[in-house]
Amino acid sequence: MTSSREAEDDRGCLRLVLAVPLLLLTLFAAYFCWTALTIRPAGTWDEDAYGGITLSCALTVGAAAVTAGFQWLPSVRRVLPWWGAGPALLLGVVAGLRWMNGG
């Protein structure tokens, strides 16, 4: 049998391992949200800029959805706090608003 202390040590290691994909997805979402917010079309004719905004927003929303889906896994919920997906979800909301307003 394992003691409570040994189980807690394993949980800390598992928390670290599961936090890596969550952090990478959040960084991915942050980069593409930043690009969606900083791309400025030269005019109404600039279809490439509008396409870039749409792509950046879609990638940000997709990364936020994957992060939320990752957080729904029972093994992840046991070791990571529920607010771990919060930053990526907030970035997804910002990108969704940008997509609706100007993408």
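The analysis underlying the following values was restricted to heavy atoms, covering all of them including side chains, and did not include hydrogens, waters or symmetry mates.
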Visitor: Of the non-hydrogen atoms in I39 and P41, which two are nearest, and what is the gap between them?
Guide: O-CD, 3.9 Å
Visitor: Please list all pairs passing the ring-ring contact (aromatic ring centres under 6.0 Å, His included) test where one or both residues lie in residues 51-87, with sequence neighbours left out.
Guide: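 The answer is none; no pair qualifies.
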Visitor: State which residue, out of V94, T38, V93, fulfils the side chain to side chain contact (heavy atoms under 4.5 Å, CB included) condition with C33.
Guide: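 Single pass found, and it is V94.
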Visitor: Which atoms form the tightest heavy-atom contact between A85 and T67, and what is the distance?
Guide: CB-CG2, 3.7 Å
Visitor: Residues in side-chain hydrogen bond (donor to acceptor under 3.5 Å, both in side chains) with T35, at least two apart?
Guide: S56
Visitor: Can you sort out the partners of L90 under side-chain contact (heavy atoms from CB on, under 4.5 Å), two or more places apart, ordered by chain and number?
Guide: none
Visitor: Work out which heavy atom in P87 is nearest to a heavy atom in T26; give both atom names and the distance.
Guide: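 Scanning both residues completely, I find the closest heavy atoms to be CB-CG2, 4.0 Å.
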Visitor: About how many Å separate CG of L25 and CD of Q71, when rounded to the nearest 0.5 Å?
Guide: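 The CD atom of Q71 sits 11.0 Å away from the CG atom of L25.
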Visitor: If hydrophobic clusters are built from ILVMFWY residues whose side chains come within less than 4.5 Å, do W34 and L55 share one?
Guide: yes
Visitor: Within the 4.5 Å heavy-atom criterion, are I53 and W99 side-chain neighbours or not?
Guide: no
Visitor: Minimum heavy-atom separation for V61 to G96, with atom names?
Guide: CG2-N, 4.1 Å
Visitor: Any side-chain heavy-atom pair from L59 and F28 closer than 4.5 angstrom?
Guide: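 A side-chain contact under 4.5 Å exists here.
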